[in-house]
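What follows is one structure encoded as structure tokens, with my remarks underneath.
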Amino acid sequence: MENQVRLTGPPEAAPELACLRVIAQLPPRWSVQILECGTGYAVLGLRADASAEEVTAEIDEAITALPLRGWKRS
């Protein structure tokens, strides 16, 4: 299943770094790419063998990590 996830964060934060931190915490069998980054936001494209709800739960869990403080799924 293909999903797009938009993350928003502080304008001074590096969205590319936030993406890499999120990707590192996702299941290794998922295919993830950074689709877009800009000031205070990033969009990830995920191809996963999981439902949209499971993807949302994994992303929400990943952004609770301390280095991602201030980032949220939008």
- [ ] Output, in order, the C-alpha distance, side-chain angles, deciding distance and verdict of side chain to side chain contact (heavy atoms under 4.5 Å, CB included) for Leu26 and Leu46.
- [x] CA-CA 10 Å; Leu26 297 177; Leu46 294 94; 3.8 Å; yes
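Taking hydrophobic clusters as Ile, Leu, Val, Met, Phe, Trp and Tyr residues chained together by side-chain heavy-atom distances below 4.5 Å, Ile34 does not share a cluster with Tyr41. Residue Val22 is grouped with residue Val32 when hydrophobic side chains (ILVMFWY) are merged at heavy-atom distances under 4.5 angstrom, including chains of intermediate members.
The minimum heavy-atom distance linking Glu58 with Trp30 is given by the pair CG-CH2, 3.5 Å. Contact record, Gly38 with Pro15: O-CG, 3.3 Å, taken as the closest heavy-atom pair.
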Side chains of residues 60-70: which donor-acceptor pairs under 3.5 Å do they make with residues two or more places apart or in other chains?
unit_1, atom_1, unit_2, atom_2, d
Asp60, OD1, Arg73, NE, 2.8
Asp60, OD1, Arg73, NH2, 3.4
Asp60, OD2, Arg73, NH2, 3.0
Thr64, OG1, Glu61, O, 2.6

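The side chain to side chain contact (heavy atoms under 4.5 Å, CB included) with Leu44 is formed by just one residue from the set Val55, Ile23, Leu35; it is Ile23.
When side chains are defined from C-beta on, Arg21 does not count as touching Trp71, because their heavy atoms never get closer than 4.5 Å.
Distance check, rounded to the nearest 0.5 Å: CZ of Arg6 to CD of Glu36 gives 7.0 Å.
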